[in-house]
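For reference, the structure is listed below as structure tokens.
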Protein chains: 2
Amino acid sequence: MTADIIRSLKIDCSCCPIRHRAVCAKCDTDELDRLREIKSYRSCQAGQVITLRGERLDMVASIVSGTAMLSRSISDGRTQMIGLLLPSDFIGRPGRAEAPYDVTAVTDVTLCCFRRGAFEQLMQDMPHVQERLLEMSLDELDAARDWMLLLGRKTARERIASLLSLILQRANLPEDLGGKNARIELPITREAIANYLGLTIETVSRQLTALRRDGLISIEGARGVVISDMDALIAETGDDDTLTA
Amino acid sequence: MTADIIRSLKIDCSCCPIRHRAVCAKCDTDELDRLREIKSYRSCQAGQVITLRGERLDMVASIVSGTAMLSRSISDGRTQMIGLLLPSDFIGRPGRAEAPYDVTAVTDVTLCCFRRGAFEQLMQDMPHVQERLLEMSLDELDAARDWMLLLGRKTARERIASLLSLILQRANLPEDLGGKNARIELPITREAIANYLGLTIETVSRQLTALRRDGLISIEGARGVVISDMDALIAETGDDDTLTA
DNA sequence: CGCCGACTTGAGTCCCCTCAACAAGAGTGG
DNA sequence: CCACTCTTGTTGAGGGGACTCAAGTCGGCG
């Protein structure tokens with residue numbers, strides 16, 4: 001995100017790309033003005049650590065552009081990704097001074113930051129912010145719980161298939177949802193995929209080639225994946241297809 | 001929970017056992033009056049299904065007494081428990097007509113139910129309810145994400161150790177937290193434990209006997225567990241002990 | 001006593017992990 | 001341009017941890 005764009009956002013929230021999905025989605029113009037007074041922008045490079053678990057954190061923030069990942073890890077190096085943060089997603093927790101997870105920028109990231117104290121005060125006065133934050137939290141809770149099923153019970157092949165169809169669902173326009181040959185770009189490295197799915201990079205790699213051998217997908221370079229048989233892929237996710245529609 | 005107690009709760013929320021922890025925790029007496037108008041009580045027997053994923057759900061509810069479990073499953077029978085609901089925990093989601101998960105009573109359960117439409121209206125008018133629901137949702141989100149680390153990365157032995165120390169933390173008074181020979185009662189069957197930890201009942205059983213052979217715990221009957229070496233057990237959880245304190 | 005459900009224990013198998021070598025780019029510097 | 005390195009990803013061989021299938025134990029209850 002260029003410095004020019006950020007400069008104009010500082011003055012006016014109305015052209016913000018996440019205006020209608022972020023924590024401020026329900027705010028009217030008066031409320032936006034109050035938010036504007038306490039906001040500031042921050043850029044992070046790909047790979048940079050945004051917060052560390054246990055560290056003091058006096059900000060909360062929305063992701064304006066880029067992708068970040070939430071993770072937890074054990075001292076021996078095992079790491080589990082706990083969530084993927086896309087534009088409009090929220091970082092930090094009102095009412096808590098310590099960061100509960102590690103947050104790392106996957107791509108270059110632009111943040112819209114609020115001082116935590118001021119934001120908490122604002123939430124009291126502006127129910128629209130609290131409402132939206134509740135909605136967003138409940139959505140994340142659902143997503144986390146869906147992921148628990150994957151981590152606890154699915155096979156490696158099912159996990160890969162689930163990830164691919166998840167990315168397709170998010171990234172692709174509804175027009176060709178049923179169409180063949182939808183192409184997606186994996187937003188993250190193999191290592192990040194492995195950490196997301198609770199697998200190793202080798203297993204991820206092997207399962208991707210297995211799906212390719214079986215004719216469900218084809219692979220273009222390291223990151224590109226073409227879904228050649230969408231229905232078969234969904235069948236491989238292991239999900240009860242009566243509800244995923 | 002006896003019918004007598006429920007009868008008195010219908011009239012007066014102030015003696016409700018979850019008055020200070022449930023979604024109504026922050027309400028003043030006026031607000032409680034409004035809640036009282038739309039509430040009703042419901043009892044479920046142990047083992048009974050409270051909601052089914054995908055089913056229409058026109059209520060939301062707080063657990064007044066008993067234990068219930070949240071789970072998701074795949075058509076071939078694999079099941080993953082997604083959360084344990086204890087008194088004061090909340091069931092259902094404002095703004096959504098379909099139950100997102102299966103909820104099953106583990107013990108006999110008493111629910112304090114609200115019609116969903118009326119509850120949603122109330123939330124608009126009473127920020128205290130919304131505030132509390134947000135806090136509770138964020139706590140559950142943290143718990144779900146902690147569990148993702150366990151499901152994605154921990155060994156069977158670590159999972160069992162984690163569960164035991166979790167139960168001990170919740171159930172036990174802080175007085176003898178460091179003390180030896182704390183006794184806990186497993187609140188659920190081996191099958192439920194397995195579903196919670198993403199394991200099979202056989203593996204759960206084997207790991208429990210392994211911990212017994214190694215002198216960390218001893219087992220009394222099917223449900224009783226005595227922690228003989230608390231520090232060693234915590235060391236086995238795999239958690240980074242610098243933060244769990 | 002005999003049955004039933006919950007739990008334990010054993011034997012064998014398989015899936016995924018570990019360790020290791022190899023391939024394909026992308027920079028870097030001469 | 002090439003040699004070199006570093007990173008990222010693929011592939012193979014082997015081992016181990018958890019699962020599957022099956023039998024056995026224990027306690028409760030009619």
Side-chain angles (χ1 to χ4, degrees), chain A residues 45-47 69 73-74 76-80 104 106-107 150-164 185-214 217-225 236 238, chain B residues 45-47 69 73-74 76-80 104 106-107 150-164 185-214 217-225 236 238:
Chain A
Q45 292 183 347
M69 63 187 202
S73 45
I74 323 189
D76 64 6
R78 281 176 286 176
T79 298
Q80 177 63 49
T104 313
V106 176
T107 64
L150 178 145
L151 293 175
R153 293 301 183 195
K154 287 191 181 177
T155 66
R157 187 183 177 93
E158 288 170 340
R159 295 184 198 201
I160 296 286
S162 298
L163 180 67
L164 291 179
E185 198 77 18
L186 298 179
I188 47 180
T189 65
R190 293 285 187 279
E191 186 183 10
I193 293 176
N195 286 338
Y196 204 13
L197 298 178
L199 299 171
T200 58
I201 51 174
E202 295 95 329
T203 303
V204 170
S205 193
R206 271 187 260 273
Q207 293 299 332
L208 280 172
T209 61
L211 287 175
R212 179 166 52 77
R213 269 202 316 270
D214 296 346
I217 63 175
S218 49
I219 291 175
E220 297 180 348
R223 298 288 178 85
V225 175
E236 294 283 354
Chain B
Q45 292 182 349
M69 64 187 200
S73 45
I74 320 190
D76 64 6
R78 281 175 287 176
T79 299
Q80 177 63 48
T104 313
V106 176
T107 63
L150 178 145
L151 293 175
R153 293 300 184 196
K154 287 191 181 178
T155 65
R157 188 181 174 96
E158 289 170 339
R159 294 183 200 203
I160 297 286
S162 298
L163 179 67
L164 291 179
E185 199 76 18
L186 296 179
I188 47 181
T189 66
R190 291 285 186 278
E191 186 183 9
I193 293 176
N195 286 338
Y196 203 15
L197 298 177
L199 299 170
T200 58
I201 50 173
E202 295 94 331
T203 302
V204 171
S205 191
R206 270 187 260 271
Q207 293 300 333
L208 280 172
T209 60
L211 287 175
R212 179 167 51 77
R213 267 203 317 270
D214 296 347
I217 61 174
S218 50
I219 291 175
E220 296 180 348
R223 297 289 177 85
V225 175
E236 294 283 352

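Protein chains get the first letters and strands the later ones, always in sequence-line order, with residue 1 at the start of each.
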Rounded to whole Å, please give me the gap between CG in Leu151(A) and P in dA18(D). 16 Å
Nearest-Å distance, CG (Asn195(A)) to C1' (dT8(D))? 15 Å
B/S/- along nucleotides 8-19 of chain C (protein heavy atoms under 4.0 Å) is BBBB----SSBB
Please report the distance, rounded to the nearest Å, between CG in Leu197(B) and C1' in dC19(D). 15 Å
Contact check, side chains of Leu211(B) and Leu164(B), non-hydrogen atoms, under 4.5 Å: yes
Residues Thr189(A), Ile201(A); criterion side-chain contact (heavy atoms from CB on, under 4.5 Å); working and verdict: CA-CA 9 Å; Thr189(A) 65; Ile201(A) 51 174; over 6 Å; no
Please check this pair: side chain of Arg153(B) against backbone of Leu199(A), looking for a donor-acceptor N/O pair closer than 3.5 Å. yes
Please identify each residue that fulfils side-chain hydrogen bond (donor to acceptor under 3.5 Å, both in side chains) with Ser162(B), with sequence neighbours left out. Lys154(B)
State, yes or no, whether a side-chain contact exists between Leu163(A) and Leu150(A) at a heavy-atom distance under 4.5 Å. no
Rounded distance (Å) that lies between atom C1' of dC7(C) and atom CD of Glu220(B): 17 Å
Contacts of Glu158(B) that satisfy side-chain hydrogen bond (donor to acceptor under 3.5 Å, both in side chains) - sequence neighbours left out: Arg78(A), Thr155(B)
From CD1 of Ile160(B) over to P of dG17(D), roughly how many Å is that when rounded to an integer? 16 Å
